Amino acid sequence: MERPRHQGMAKNTYMRWRLPLVCLLWEVAMIVLFGVFVRFDSEADAHWEEEKREKNLTSDIENDFYFRYPSFQDVHVMIFVGFGFLMMFLKRYGFGAVGFNFLLAAFGIQWALLMQGWFHSFKSGKILIGVENLINADFCVGSVCIAFGAILGKTSPIQLLVMTLFQVTLFAVNEYILLNLLHVKDAGGSMTIHTFGAYFGLMVTRILYRPNLEQSKDKQGSVYHSDLFAMIGTLYLWMYWPSFNSAISEHGDAQHRAAINTYCSLAACVLSTMAFSSMLQKKGKLDMVHIQNATLAGGVAVGTSAEMMLTPYGSLIVGFICGIVSTVGYVYLTPFLESRLHIQDTCGIHNLHAMPGLIGGIVGAITAAAATEDVYGKEGFIKAFDFTGTYQTRTPSVQGGFQAAGIVVSLLIALAGGALVGAILKLPVWGDAAAENCFEDAIYWEVPEDEESDAYHMHNPDKASSP
Amino acid sequence: MERPRHQGMAKNTYMRWRLPLVCLLWEVAMIVLFGVFVRFDSEADAHWEEEKREKNLTSDIENDFYFRYPSFQDVHVMIFVGFGFLMMFLKRYGFGAVGFNFLLAAFGIQWALLMQGWFHSFKSGKILIGVENLINADFCVGSVCIAFGAILGKTSPIQLLVMTLFQVTLFAVNEYILLNLLHVKDAGGSMTIHTFGAYFGLMVTRILYRPNLEQSKDKQGSVYHSDLFAMIGTLYLWMYWPSFNSAISEHGDAQHRAAINTYCSLAACVLSTMAFSSMLQKKGKLDMVHIQNATLAGGVAVGTSAEMMLTPYGSLIVGFICGIVSTVGYVYLTPFLESRLHIQDTCGIHNLHAMPGLIGGIVGAITAAAATEDVYGKEGFIKAFDFTGTYQTRTPSVQGGFQAAGIVVSLLIALAGGALVGAILKLPVWGDAAAENCFEDAIYWEVPEDEESDAYHMHNPDKASSP
Amino acid sequence: MERPRHQGMAKNTYMRWRLPLVCLLWEVAMIVLFGVFVRFDSEADAHWEEEKREKNLTSDIENDFYFRYPSFQDVHVMIFVGFGFLMMFLKRYGFGAVGFNFLLAAFGIQWALLMQGWFHSFKSGKILIGVENLINADFCVGSVCIAFGAILGKTSPIQLLVMTLFQVTLFAVNEYILLNLLHVKDAGGSMTIHTFGAYFGLMVTRILYRPNLEQSKDKQGSVYHSDLFAMIGTLYLWMYWPSFNSAISEHGDAQHRAAINTYCSLAACVLSTMAFSSMLQKKGKLDMVHIQNATLAGGVAVGTSAEMMLTPYGSLIVGFICGIVSTVGYVYLTPFLESRLHIQDTCGIHNLHAMPGLIGGIVGAITAAAATEDVYGKEGFIKAFDFTGTYQTRTPSVQGGFQAAGIVVSLLIALAGGALVGAILKLPVWGDAAAENCFEDAIYWEVPEDEESDAYHMHNPDKASSP
């Protein structure tokens with residue numbers, strides 16, 4: 001099993017001291033920062049009994065935990081199983097896909113609790129956290145998982161941790177600009193999560209362009225079983241996406257509506273994906289890459305508007321279009337981006353997150369601009385867009401304008417941030433593998449003996465093996 | 001990889017124009033119909049703020065979303081992962097099992113929202129949908145997934161879409177007759193979902209009888225890994241079945257009770273399945289087919305009665321019996337049905353859904369007939385069976401009679417509908433495969449290179465097998 | 001495929017009459033006992049309508065079902081998919097891992113409902129059950145799944161059922177001593193579930209020591225795919241652990257806090273596990289065994305204290321330390337225990353459950369001893385530790401002492417019980433396999449043909465294929 005590490009363009013991928021050092025130092029930093037800053041918010045603190053009396057709450061069920069915890073768990077599954085297994089399609093990178101995703105997400109959620117906490121939950125010197133913070137931390141890390149998709153198989157775990165550190169930071173800044181300064185609505189993160197995460201990742205992979213990547217081309221495909229594992233990821237993302245888009249919406253009708261819109265959009269997306277997957281192939285057969293990815297574009301694309309009065313048929317239209325756009329992207333755009341723009345996008349995040357994310361931002365802007373008191377009701381209108389305080393006089397069309405500005409800001413920060421972080425990751429100290437060793441678990445993982453040699457042939461030791 | 005398509009009894013399985021056309025046309029039809037008919041119900045609409053005031057609701061938690069959304073998500077997982085992976089047991093039909101299930105369910109839920117909406121949620125010209133409609137749409141599609149189990153591996157995706165269209169329509173009609181005309185209780189769908197879905201599917205596969213199916217017999221079994229994938233499906237169905245049977249029960253004690261009864265029934269079912277699986281085998285070994293399927297019969301069989309006062313020990317008895325019936329069915333009935341009645345039932349839905357569904361209907365009728373005000377309490381009695389309005393004077397024994405009538409109606413509509421739809425699917429225009437190409441993904445899917453040839457041997461082509 | 005059963009140290013593993021007999025007799029016993037004892041509690045009974053009026057409950061949402069059912073479902077997934085798949089890492093024991101786990105858990109939850117019911121929910125001659133009983137039954141069975149991990153691959157299904165019967169009984173006794181007599185807090189079960197289950201299992205495997213186990217050493221490892229299946233188990237345990245530790249906490253802030261603390265602890269644990277996995281390996285590569293197991297130690301170790309005011313940074317510290325302890329245990333302690341103490345611990349439960357469980361008990365004792373009215377608030381303090389009635393005057397330091405006593409009691413009952421049950425399981429009547437047949441599904445399961453021979457080579461028709 002031992003593989004030569006120092007032949008050809010060999011690089012030093014030895015992790016023994018570097019990876020432990022980074023992990024331990026950063027975790028100690030988290031502990032110190034949590035010790036200084038992080039406390040429970042009032043609904044998770046044992047003082048809540050008093051708070052309940054003061055607020056005249058008659059039942060424990062009024063605790064935000066019961067409004068959001070089921071959705072939180074669904075989102076949690078999406079981040080760790082959804083993204084982790086979706087990226088397992090590569091024939092020899094299953095450990096890396098699920099394991100590195102696990103590592104970066106576990107670090108990322110801690111750093112996100114701090115970064116987002118400083119911006120949004122900072123009160124008298126402390127960050128006060130509750131279940132909504134956990135959801136937002138998972139969301140933030142979702143954008144890192146997306147970017148990971150572009151560089152899957154080509155980076156070391158240290159590079160991924162470094163990227164996570166910077167990307168979470170920039171995510172929080174971008175999110176603050178959008179939600180607090182522009183007063184934009186984006187509960188399902190079409191802009192903050194998908195557009196930002198995808199263009200950030202695409203820029204990073206552009207900077208890390210590997211001219212000789214065809215040397216590991218034989219490992220860049222799937223095998224039968226790896227495609228089945230990937231379908232676990234796809235389905236959990238698909239099924240739980242209604243929870244994703246509704247998890248942090250306002251209590252009541254907004255959460256309810258966000259789930260329904262997302263359900264509809266995703267259903268339509270499956271049909272247009274299947275149609276175009278078959279249509280764009282000479283033999284007319286379905287391609288697992290499309291089914292695994294493009295079927296999810298409908299969830300991305302209603303991320304901003306799902307909690308608005310998009311209506312079920314509006315959702316169907318958005319999902320329908322995005323299934324087409326995404327599938328066409330896989331067939332025509334991904335090869336083009338690689339050959340012409342030198343963007344090597346392992347999972348095709350441009351098709352699943354970047355384009356649908358942009359569409360999602362635009363659909364959100366239009367839906368906001370088209371809002372009327374007639375459709376939302378007088379109170380519902382104010383509640384839906386939070387037109388209170390400073391924003392009391394904002395009109396739907398102005399809101400639409402700010403929503404559009406949010407897309408542009410997300411795009412710019414993603415591209416600039418991706419370029420910066422890509423440059424940092426290009427430094428030759430992070431232990432990434434040579435081109436011929438990409439997409440190969442054996443570089444960073446202890447890999448067990450080949451199945452074929454001991455498991456399947458166990459009973460017939462004299463069977464000839466064929467290449 | 002290219003397989004000959006035109007040898008022997010070859011058929012034209014070329015999907016390039018037919019499948020996209022059907023998908024796109026039908027999705028456009030969905031968009032138009034949703035545009036005309038579907039709107040949010042009052043709890044998902046932004047006007048809910050006003051509604052709350054009118055109804056004197058003091059908290060957002062009173063929104064039906066918080067009563068049903070967690071159960072909805074569990075049901076959603078059962079339909080897409082549960083059924084999709086359960087059918088993955090075939091060695092070379094994993095893509096088809098999970099992928100076609102995905103396709104037909106995604107289409108089916110849209111059509112079910114419309115069909116069920118016209119019957120049950122139609123107000124002043126609009127279908128008003130909320131989370132309960134989503135659950136019911138998933139339920140309806142569940143009956144299609146069941147029928148899919150009978151014809152798994154033998155039909156084209158277009159046939160499945162055609163079957164879905166008709167089956168969802170008939171499901172809604174049957175459901176309307178049972179729930180509205182006969183005023184039958186069937187919250188977990190022993191009759192409407194399982195009996196109907198299974199006999200429908202059995203009739204379809206009878207009509208589509210393939211005399212030469214033994215030509216693909218080598219592909220009709222499982223391999224080690226495909227059995228493990230199938231266990232994912234089994235376990236998610238098993239674990240979430242309490243949510244399935246309680247998802248649309250009345251708020252409060254009925255949902256609570258339905259979950260407990262189902263939990264008990266399923267636990268007992270596992271033990272009797274294991275016992276008979278070992279007992280009916282000369283070598284006394286356990287058979288994965290039974291573990292994957294018969295362990296679930298207990299959930300099917302309390303589908304009608306779980307929300308009633310079946311009691312935990314009643315549930316144990318029902319589960320215990322159904323584990324036996326189902327396992328015996330796999331051993332003796334399935335071969336009999338195939339050889340004598342020409343019913344080729346790939347997944348054995350007769351054992352998992354048809355017989356337990358009938359038992360479930362009967363148990364429901366008995367439990368209803370045995371109900372007393374003593375056991376339910378005066379108010380609980382009326383609430384449990386909705387003996388209000390027109391049904392104010394209905395007695396338990398009359399209710400039991402109507403429940404029994406519900407079984408017969410479901411059975412008749414299923415058989416007649418299955419015969420009709422089977423005849424339609426027999427038309428030679430849908431692109432199904434020849435007998436020797438059944439149970440084979442490569443007909444409709446791009447299948448990656450064999451694992452063995454490139455993945456496992458990749459590193460040491462000359463490796464002798466070790467230890 | 002037929003394997004010789006009677007060569008060498010062959011044992012009689014024929015299950016045909018023994019396994020069915022045990023399953024059927026025990027299930028009939030369950031039915032009888034449930035018939036005599038088990039009824040719905042007031043919140044699951046149809047009389048709840050009256051109860052609601054009496055208690056002045058204005059909404060159905062006050063039913064405990066809505067406080068706990070989502071957590072219950074997460075716990076249910078952990079027991080059946082989490083443990084079942086985690087143990088699937090062995091190359092040829094996937095059926096046994098998931099199938100026997102299924103069998104023992106399905107039996108165990110029924111017996112646990114009775115045993116725990118007699119101790120905790122017994123009112124006027126009946127055991128009254130609701131959703132909290134289901135969670136507790138799952139918890140109890142969790143401790144059996146842990147013990148199963150130590151003897152995985154070396155025991156017959158009958159032995160597992162016998163062990164389950166005794167272990168559930170002892171679990172309920174131990175739990176009663178801790179919760180009722182010592183008035184100890186242990187909502188996430190660091191002591192009652194993990195410490196008890198692990199030392200019980202370690203003692204059982206010590207008594208069942210097999211000196212010739214190296215005869216099946218070639219089957220005691222993983223293959224690439226089996227490691228990926230195991231990651232499904234790992235991730236579901238990891239993601240849903242916040243639900244596990246909060247499932248039976250008091251309504252409101254306690255559930256909320258328990259989820260947050262567990263989330264934090266688990267995140268930190270991943271980083272220290274990754275660090276030490278790489279650091280303790282000469283080649284610096286990550287080891288899947290550690291990632292699959294040690295990443296979970298953080299959840300075990302806050303099982304007692306998660307619902308207390310441990311604070312997020314306290315949780316990070318606990319998780320951080322336990323990731324290290326657990327990983328070091330896998331590298332150094334497991335080989336030591338096997339060679340010196342003759343403890344053959346297939347899954348390494350000593351590292352994942354025993355040590356972290358002890359740490360969890362200690363952390364709980366310290367956190368309780370350190371509690372102040374200042375930190376908890378006057379009412380919160382009383383509510384958190386239930387310092388009411390007889391315990392009105394108990395101080396935090398006294399509580400800490402009782403917590404510590406709880407660890408000792410759990411340890412002693414586990415060791416004594418494990419020795420007793422181990423001795424029973426050593427009787428030569430239970431049909432366990434010979435040493436050379438351990439870790440091999442084909443002993444107790446019908447195993448399909450090897451994949452390699454029919455699936456992967458399908459496209460080379462000139463290869464000899466066997467029907």
Side-chain angles (χ1 to χ4, degrees), chain A residues 14-16 19-20 23-24 26-27 30-31 34-35 38-40 43-50 59-61 63 65-66 69-70 73 76-77 80-81 84 88 94-95 98-99 102-103 106-107 109-110 129-131 134 225 229 444-449 451-452 454-459 466, chain C residues 1 61-62 66-67 70 74 91-92 218 221-225 227-228 231 235 238-240 243 251-253 255-257 259-260 263 267-268 270-272 274-276 278-279 281 284-288 291 295 309 311-313 316-317 320 375-377 379-381 383-384 450-452 457 460:
Chain A
Y14 192 61
M15 288 284 116
R16 190 166 183 191
L19 181 61
C23 286
L24 295 178
W26 289 16
E27 189 55 48
M30 291 299 111
I31 291 173
F34 269 60
V38 180
R39 298 294 179 272
F40 296 120
E43 298 189 273
D45 192 286
H47 284 89
W48 194 56
E49 285 299 308
E50 295 153 32
S59 166
D60 285 319
I61 200 95
N63 194 303
F65 182 77
Y66 303 103
Y69 188 72
Q73 273 298 356
H76 216 38
V77 170
F80 290 88
V81 161
M88 223 185 238
F95 291 8
V98 73
F102 196 14
L103 172 62
F107 166 65
I109 53 180
Q110 298 177 59
I129 66 171
V131 65
L134 306 190
H225 282 127
F229 277 115
Y444 301 114
W445 296 85
E446 285 290 309
V447 174
E449 288 295 307
E451 306 205 24
E452 195 265 336
D454 43 30
Y456 301 152
H457 283 185
M458 196 168 51
H459 306 301
S466 64
Chain C
M1 282 308 291
I61 199 96
E62 295 291 334
Y66 303 104
F67 287 87
D74 294 349
K91 66 182 74 160
R92 289 295 291 184
D218 58 316
S222 66
V223 287
Y224 196 68
H225 283 125
D227 271 328
L228 295 180
M231 278 304 291
L235 286 174
W238 193 90
M239 296 179 304
Y240 285 163
S243 301
H251 293 173
D253 57 289
Q255 282 199 291
H256 201 152
R257 188 163 58 244
I260 296 173
Y263 177 94
V270 173
L271 271 89
S272 55
M274 293 270 183
F276 274 74
S278 168
M279 198 195 295
Q281 229 259 1
K285 294 183 182 181
L286 295 164
D287 189 328
M288 261 299 180
I291 312 309
T295 50
M309 288 292 283
T311 73
Y313 71 89
L316 290 189
I317 294 172
F320 181 76
V375 169
Y376 287 77
E379 294 164 68
F381 180 71
K383 193 183 169 196
D450 292 359
E451 306 205 24
E452 196 265 336
H457 285 183
N460 316 321

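Here the structure is a predicted model, which is why all the values come from computation and not from measurement. Sequence lines set the chain letters: A, B, ... in the order given, protein chains first and strands last, and positions in each chain run from 1.
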Colleague: Is C:Ala268 close to chain A through its backbone or its side chain, or both, or neither, when contacts mean heavy atoms under 4.5 Å?
Modeller: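 Contact with chain A involves both backbone and side-chain atoms of C:Ala268.
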Colleague: Calculate, to the nearest 0.5 Å, the distance between atoms CZ and CZ belonging to A:Phe65 and C:Phe67 respectively.
Modeller: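 The CZ atom of A:Phe65 sits 11.0 Å away from the CZ atom of C:Phe67.
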Colleague: Is the backbone N or O of A:Ile61 less than 3.5 Å from a side-chain atom of C:His251, with the two atoms forming a donor-acceptor pair by type?
Modeller: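 Not a single qualifying donor-acceptor pair exists.
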Colleague: For C:Glu62 and A:Ser59, test the side chains for any donor-to-acceptor distance below 3.5 angstrom and give the result as yes or no.
Modeller: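 A:Ser59 and C:Glu62 do have a side-chain donor-acceptor pair below 3.5 Å.
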Colleague: When rounded to the nearest 0.5 angstrom, what is the spacing between CD in A:Glu49 and NZ in C:Lys383?
Modeller: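 That separation rounds to 4.0 Å.
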Colleague: Do side-chain atoms of C:Tyr224 reach the backbone of A:Gly94 as a donor and acceptor pair under 3.5 angstrom?
Modeller: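 Between the backbone of A:Gly94 and the side chain of C:Tyr224 there is a qualifying donor-acceptor contact (under 3.5 Å).
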Colleague: Should A:Asp45 and C:Met309 be marked as a side chain to side chain contact (heavy atoms under 4.5 Å, CB included) after you check the CA-CA gap, both sets of side-chain angles, and the distance that decides it?
Modeller: CA-CA 7 Å; A:Asp45 192 286; C:Met309 288 292 283; 3.2 Å; yes
Colleague: Which atom names give the shortest non-hydrogen contact between A:Ala44 and C:Ile260, and what distance separates them?
Modeller: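 Where A:Ala44 meets C:Ile260 most closely, the heavy atoms are CB-CD1, 3.7 Å.
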Colleague: Among A:Tyr444, A:Trp26, A:Phe229, which has the most heavy-atom pairs under 4.5 Å with chain C?
Modeller: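 Heavy-atom pairs under 4.5 Å are most numerous for A:Phe229.
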Colleague: Considering all heavy atoms of both residues, which atom of C:Ser272 and which atom of A:Leu24 are nearest to each other, and what is their separation?
Modeller: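 For C:Ser272 versus A:Leu24, the nearest heavy atoms are CA-CD2, 4.3 Å.
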Colleague: Heavy atoms only: give me the nearest A:Ile129-C:Pro312 pair and the separation to one decimal.
Modeller: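 Closest pair (atom of A:Ile129, atom of C:Pro312, distance): CD1-CG, 3.9 Å.
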Colleague: Could you report the tightest heavy-atom contact between A:Pro20 and C:Met279, atom names first, then the distance?
Modeller: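 Nearest pair, atom of A:Pro20 first, then C:Met279: CB-CE, 3.6 Å.
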Colleague: So which part of A:Tyr66 gets closer than 4.5 Å to some heavy atom of chain C, the side chain, the backbone, both or neither?
Modeller: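 The answer is the side chain of A:Tyr66.
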Colleague: Side chain to side chain contact (heavy atoms under 4.5 Å, CB included) for A:Val77 and C:Tyr240? Distances and angles first, verdict last.
Modeller: CA-CA 9 Å; A:Val77 170; C:Tyr240 285 163; 3.5 Å; yes
Colleague: Can you list the steps and then say if C:Leu228 with A:His225 is a side chain to side chain contact (heavy atoms under 4.5 Å, CB included)?
Modeller: CA-CA 11 Å; C:Leu228 295 180; A:His225 282 127; over 6 Å; no
Colleague: Quick one: what part of C:Phe276 sits under 4.5 Å from any heavy atom of chain A, side chain, backbone, both or neither?
Modeller: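 Only the side chain of C:Phe276 comes within 4.5 Å of chain A.
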Colleague: Report the option among C:Gly284, C:Ala384, C:Ala259 that has the most heavy-atom pairs separated by less than 4.5 Å from atoms of chain A.
Modeller: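 Among C:Gly284, C:Ala384, C:Ala259, the one with the most close pairs to chain A is C:Gly284.
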Colleague: Side chain from CB out, backbone as N, CA, C, O: work out which of these in C:Thr295 comes under 4.5 Å of a heavy atom of chain A, or both, or neither.
Modeller: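 C:Thr295 touches chain A through side-chain heavy atoms alone.
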Colleague: Can you give me the closest heavy-atom contact between C:Ser222 and A:Pro448, atom names plus distance?
Modeller: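 Between these two residues, the closest heavy atoms are O-CB, 3.3 Å.
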Colleague: At a 4.5 Å cut-off on heavy atoms, which part of A:Asn63 comes close to chain C: side chain, backbone, both, or neither?
Modeller: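 A:Asn63 touches chain C through side-chain heavy atoms alone.
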Colleague: I'd like to know if the side chain of C:Tyr263 reaches the main chain of A:Val131, judged simply by a donor and an acceptor atom lying under 3.5 Å from each other, with no hydrogens or angles considered.
Modeller: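 Checking the backbone N and O of A:Val131 against the side chain of C:Tyr263, no donor-acceptor pair under 3.5 Å is found.
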Colleague: Side chain, backbone, both or neither: which part of A:Glu43 has an atom under 4.5 Å from a heavy atom of chain C?
Modeller: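 It is both, since atoms from each part get that close.
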Colleague: Shortest non-hydrogen contact from A:His47 to C:Val375?
Modeller: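 Nearest heavy atoms, A:His47 then C:Val375: CE1-O, 3.0 Å.
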Colleague: Out of curiosity, A:Glu50 CD to C:Tyr376 OH, how far, rounded to the nearest 0.5 Å?
Modeller: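 Result: 14.0 Å between the selected atoms.
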Colleague: Determine whether a donor-acceptor pair (N or O, by modelled atom type, separation under 3.5 Å) exists between the side chain of C:Tyr313 and the backbone of A:Arg39.
Modeller: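 Pair absent, no side-chain N/O of C:Tyr313 close to backbone of A:Arg39.
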Colleague: Measure the shortest side-chain to side-chain distance between A:Phe95 and C:Leu286 over non-hydrogen atoms and say whether it is less than 4.5 angstrom.
Modeller: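 A:Phe95 does not reach C:Leu286 side chain to side chain.
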Colleague: Would you give the length of the straight line joining atom CZ of A:Phe34 to atom CG of C:Leu316, rounded to the nearest 0.5 angstrom?
Modeller: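 With rounding to 0.5 Å, CZ (A:Phe34) is 5.0 Å from CG (C:Leu316).
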Colleague: Would you give the length of the straight line joining atom CZ of A:Phe80 to atom CG of C:Leu235, rounded to the nearest 0.5 angstrom?
Modeller: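 Spacing of CZ (A:Phe80) from CG (C:Leu235) equals 8.0 Å.
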Colleague: Using 0.5 Å steps for rounding, measure from the CZ atom of A:Phe40 to the CZ atom of C:Arg257.
Modeller: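 Spacing of CZ (A:Phe40) from CZ (C:Arg257) equals 6.5 Å.
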Colleague: Do the side chains of A:Gln73 and C:Pro70 get nearer than 4.5 Å, heavy atoms only?
Modeller: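 Side-chain contact under 4.5 Å: no.
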Colleague: Are A:Phe102 and C:Met231 close enough, and set up right, to give a side chain to side chain contact (heavy atoms under 4.5 Å, CB included), and what steps lead you there?
Modeller: CA-CA 10 Å; A:Phe102 196 14; C:Met231 278 304 291; 4.2 Å; yes
